[in-house]
Amino acid sequence: MSGGLGKSVCIIGAGALGLVATKNFLEEGFDVTTFERNAYVGGLWHHTKDTTQTSAHPATRSNISKQGACYSDFPYADDVSIHPTAKEQQMYLESYAGHFALHSSIKLSTSVAAVERDDARRKWVITTKPTNIIDPSVEHHAFDRLIIATGTNGKRTMPVFAGQERFEGQILHSQQFKDASKFKDKRVVVVGLSHTAADTIQFLKAAGAQKVYVSHKRSPILVPTTVKGKALDHGVTRRLTFIGALISSVSPPLGAYMMEKYLLSLQNTTWPALKDHPAFATTRASPSVASSVPTMSATLALNLLDGSAESVQRIDRISGAQTVQLVDGSELPDIDAIICCTGDNFDISGLVPAEYDPTNAAFAPDEFSAFNASAYFREDYPVPRLYRNFLSLREPHSLAFLGYSLYRRPVFALYDLMTMALAQLWKGEFPMPSRLDMEANADKHYTYIVSELQNGHVNHNGLTGDIDFDVWLNKAAGTQLYERLGWGRDGWKLWWGDRKLYSMLMDGVDSPHAMRLFETPRGRKSWEGARAAIEEANAEVEELGKKWQEEQHAGKAKVAYD
Ligand SMILES: Cc1cc2nc3c(=O)[nH]c(=O)nc-3n(C[C@H](O)[C@H](O)[C@H](O)COP(=O)(O)OP(=O)(O)OC[C@H]3O[C@@H](n4cnc5c(N)ncnc54)[C@H](O)[C@@H]3O)c2cc1C
Ligand SMILES: NC(=O)c1ccc[n+]([C@@H]2O[C@H](COP(=O)([O-])OP(=O)(O)OC[C@H]3O[C@@H](n4cnc5c(N)ncnc54)[C@H](OP(=O)(O)O)[C@@H]3O)[C@@H](O)[C@H]2O)c1
């Protein structure tokens, strides 16, 4: 075990990330206890009416396909939709917990109230209390290691509008938007134009809102979720990801330029009329593709184009009991509600002691002043200082924060890989980098974010396009994916000996099952069902393409994209 520490691990949170961490640490022989404040697992994919918790709406759909979004050793059931609904996501996560018998390690309805460090004993002391009990008794538990998986969407980013005290309608954050039917016949302003706004507009339209305005500063880069009958991510093969990442590693600006060209051409081919739409006017800035995720939506473009949502400028002030004034001076009258789809953030404030908080500016004073110098830096959106955006620099052998890191991969698969890697690292099976290397990695990310902040607000401050991140995770986890698909002896052996598999891995669906495919001398457990699951995923996707072609010939398939 690394750092001379014991095997006990505490995981806080049993959402998609906490669950996969629980599974991967149990599998590697750790003693795991996971605390979850809710009475259920699955986190935000379980719809709740609790307005203090972010959750999917019942009509939300995953923007990634079930073939791309699954965990490495647990495919979705056959009857699940290509883009699973919130209910299907919830059931998938529950059945994952059931299949791997995780419940005996998860303490439900138990909130972690505080985390303390006992330096003398080299332990994390966790204070818990039962959720929903008025006068709860607290308990203290000591662990060797601690994983924070409390979710990236917990803390609202809420704008304050000048004059809002005079508004007689409702101002709410999307976290509080639980029931669209309350907005039937209402006139609503949606603030922000990203994923949550796209969904909220659709839910308001379906509920019969009388008028929906969408007030936004920037234009999103908008891409469809389905292309010619297949999910968008079905076409993002491992080969394309490799090529894109290699170009970015040689020249980051060229990589960003090419990615932007590709995404914009996809947007323009899918919805040519958007080019002339006010929401995409050249006067509005666009986010940098290097530090943001394109908005994937099946409905937003159509709702903008058919007038179901009217794009307007940013709100300047509330100018009357029901009147909203925009920065261009125009006014929106008779407004009943303003729904702020302005994003949310990780919230560890008050949970972790300040000296272990990776967003504590005191530990990175020089770079932090560079953040502050940018007009776009927001204190409510701090940049964490972590090794590879997940490992504490101060206690790398015992403290990890899941949720900040983002790579161009579906998050369930990313966190599966990341927790496989972390388990190998903490088991002592893969060398812990030197402190200097870790500091250098954190510095590099800081420099990158500072440069991105010149272009505008950074929506995902843990996003990296650096292929080195994926290579390192795979190496640490011991998947041997890069070795078997690379230029070395093992790569040639697979290419020569099993061309079908090689082609499926490089040019087929980028299936997370590939991470469990190879029997390797060290590292995470392989899964004997991996090859069959990869073949099945590819066959399903091929079938989708064929079906679309057939419908096209029969004149039934109306659109190439949605
Ligand atoms: C509406 C919505 C739709 C999304 N859709 C997609 C999508 O289509 N594709 C995609 O890739 N990503 C999507 N995301 C991103 C999302 O972050 C991930 O899909 C993922 O589900 C997040 O999992 P998580 O475990 O980090 O967080 P959560 O699901 O939020 O889980 C965190 C858990 O920690 C628990 N917890 C928090 N604090 C404590 C405490 N003190 N004590 C005990 N327990 C605690 C919470 O109760 C919760 O169960 C979406 C996000 C939102 C908000
Ligand atoms: N169905 C789905 O798949 C789905 C649904 C919902 C959410 N999600 C996920 O959930 C996460 C959060 O998405 P999100 O859409 O809630 O947030 P987001 O992507 O962070 O977007 C926030 C939006 O609000 C705007 N904004 C921020 N602060 C503002 C302010 N003070 N005033 C006016 N506008 C402001 C931003 O504009 P600027 O860009 O101009 O700053 C942006 O348009 C993402 O990871 C997303 O993928 C997915």
Side-chain angles (χ1 to χ4, degrees), residues 11-21 34-48 50 53-57 59-64 68-69 83-84 86 89 93 107-115 126 128-129 131 148-154 156-161 173-175 190-200 202 214-220 225 233 284-287 292-299 314-315 340-348 350-351 376 378 380-381 402-404 406 409-415 456-460:
I11 297 172
I12 311 180
L17 307 188
L19 280 179
V20 74
T34 301
F35 296 109
E36 168 53 56
R37 67 180 169 187
N38 288 321
Y40 49 82
V41 300
L44 62 78
W45 286 107
H46 185 118
H47 174 69
T48 171
D50 178 348
Q53 290 197 37
T54 301
S55 70
H57 191 274
T60 306
R61 275 184 185 273
S62 164
N63 51 25
I64 308 288
H83 291 101
Q89 291 280 70
L93 295 170
K107 304 221 175 306
L108 294 174
S109 303
T110 309
S111 298
V112 172
V115 168
I126 310 299
T128 63
K129 53 184 187 182
T131 313
I148 313 280
T150 49
T152 50
N153 302 92
R156 300 171 196 163
T157 302
M158 189 68 182
V160 178
F161 304 110
H173 187 270
S174 56
Q175 188 182 64
V190 169
V191 179
L193 190 53
S194 187
H195 285 97
T196 302
D199 281 357
T200 302
Q202 176 62 17
V214 56
S215 159
H216 60 112
K217 185 169 52 186
R218 297 196 282 184
S219 311
T225 53
D233 58 281
R284 291 188 193 263
S286 281
S292 64
V293 175
T295 302
M296 285 173 268
S297 172
T299 55
R314 267 182 306 135
I315 294 180
C340 298
C341 299
T342 41
D344 28 42
N345 200 358
F346 218 117
D347 188 10
I348 46 169
L351 189 59
Y376 294 103
R378 291 181 2 205
D380 62 346
Y381 203 65
L402 299 188
Y404 284 119
L406 210 57
R409 283 266 152 84
V411 290
F412 287 17
L414 173 65
Y415 287 105
H457 168 62
V458 173
N459 272 14
H460 291 277

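Atoms within a ligand are numbered from 1 in the order they appear, just like the ligands themselves. Because only heavy atoms are used, hydrogens play no part in the values below, and waters and symmetry mates are left out as well, while side chains stay in.
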Give me the nearest non-hydrogen protein atom to atom 27 (C) of ligand 2 as residue plus atom name, then the distance to 0.1 Å.
T342 O, 3.5 Å
Is_contact(atom 37 (O) of ligand 2), protein non-hydrogen, under 4.0 Å:
no
Minimum-distance protein heavy atom relative to atom 10 (O) of ligand 2
N153 ND2, 3.8 Å
Numbered in order shown, the ligand 2 atoms found under 4.0 Å of a heavy atom of L193 are 43 (O)
Are any of the N or O atoms of D199 closer than 3.5 Å to those of ligand 2?
yes
Evaluating non-hydrogen atoms only, which member of H83, M296, H195, H173 is closest to atom 8 (N) of ligand 2?
H195
Side chain, backbone, both or neither: which part of T295 has a heavy atom under 4.0 Å from ligand 2?
neither
Taking the minimum heavy-atom distance to atom 39 (O) of ligand 2, which of R218, R314, R156 ranks first?
R218
Closest to atom 15 (C) of ligand 1 among protein heavy atoms sits N153 OD1, 4.3 Å
Which atoms from ligand 2 have a heavy atom of P159 less than 4.0 Å away?
31 (N)
At under 4.0 Å between heavy atoms, what of A69 touches ligand 1? The answer is neither
Protein heavy atom at shortest distance from atom 28 (N) of ligand 2
R378 NH1, 3.6 Å
Residue part near ligand 1, for D344, under 4.0 Å between non-hydrogen atoms:
neither
for atom 22 (C) of ligand 1, nearest protein heavy atom and its distance come out as L44 CD2, 4.3 Å
Go through ligand 2 atom by atom and flag the ones less than 4.0 Å from a non-hydrogen atom of T60.
1 (N)
Ligand 2-proximal atoms of K217, by part, heavy-atom distance under 4.0 Å:
side chain
Nearest protein heavy atom with distance in Å, relative to atom 14 (N) of ligand 1:
W45 CZ2, 4.5 Å
Could you tell me whether V112 approaches ligand 1 through its side chain, its backbone, both or neither, with non-hydrogen atoms closer than 4.0 Å?
both
Considering only heavy atoms, does T196 approach ligand 2 within less than 4.0 Å through its side chain, its backbone, both, or neither?
both
Write out the residue and atom name of the closest protein heavy atom to atom 19 (O) of ligand 2, then the distance separating them to 0.1 Å.
S194 OG, 2.7 Å
Hey, is ligand 1 close enough to T110 that some N/O pair sits below 3.5 Å?
no
Nearest neighbour in protein (non-hydrogen) for atom 1 (C) of ligand 1:
A56 CA, 4.0 Å
Candidates R37, Q175, H47 - the one meeting side-chain contact (heavy atoms from CB on, under 4.5 Å) with Q53:
R37
For ligand 2, is any non-hydrogen atom under 4.0 Å from C341's backbone (N, CA, C, O), its side chain (CB onward), both, or neither?
backbone
If you count the atoms of ligand 1 from 1 in the order shown, which ones are under 4.0 Å from a heavy atom of G13?
33 (C), 34 (O), 35 (C)
Location of contacts on Y415 toward ligand 1, heavy atoms closer than 4.0 Å
neither
With heavy-atom distances below 4.0 Å as the criterion, list the atoms of ligand 2 near R61.
1 (N), 2 (C), 3 (O)
Could you list which atoms of ligand 2 come closer than 4.0 Å to a heavy atom of V191?
33 (C), 34 (N)
Among all protein heavy atoms, pick out the one at the shortest distance from atom 39 (C) of ligand 1; state its residue, atom name and that distance to 0.1 Å.
T150 CG2, 3.8 Å
Could you check which of L414, T225, V411 puts a non-hydrogen atom nearest to atom 12 (N) of ligand 1?
V411
Taking only heavy atoms of H460, which atoms of ligand 2 are found under 4.0 Å from at least one of them?
45 (O)
May I ask you to identify the nearest protein heavy atom to atom 31 (O) of ligand 1, giving residue, atom name and distance to one decimal place in Å?
G15 CA, 3.5 Å
In the protein, what heavy atom is nearest to atom 17 (O) of ligand 2, and what distance, to one decimal place, separates them?
G343 CA, 3.3 Å
Please determine, by modelled atom types, if T342 and T157 share a side-chain donor-acceptor pair under 3.5 angstrom.
no
Distance from atom 35 (C) of ligand 1 to nearest protein heavy atom, with residue and atom
E36 OE1, 3.3 Å
Can any side-chain N or O of H195 pair as donor or acceptor with the backbone N or O of M296 at less than 3.5 Å?
yes
Within-cut-off N or O pair, N63 and ligand 2, under 3.5 Å:
yes
Over 60° means perpendicular and under 30° means parallel, so classify the ring planes of H46 and Y40, tilted if in between.
parallel
Relative to the heavy atoms of G192, which atoms of ligand 2 are at a distance of less than 4.0 Å?
24 (O), 25 (C), 43 (O)
Starting from atom 26 (O) of ligand 1, what is the nearest protein heavy atom, named by residue and atom, and what distance separates them?
L17 CD1, 2.9 Å
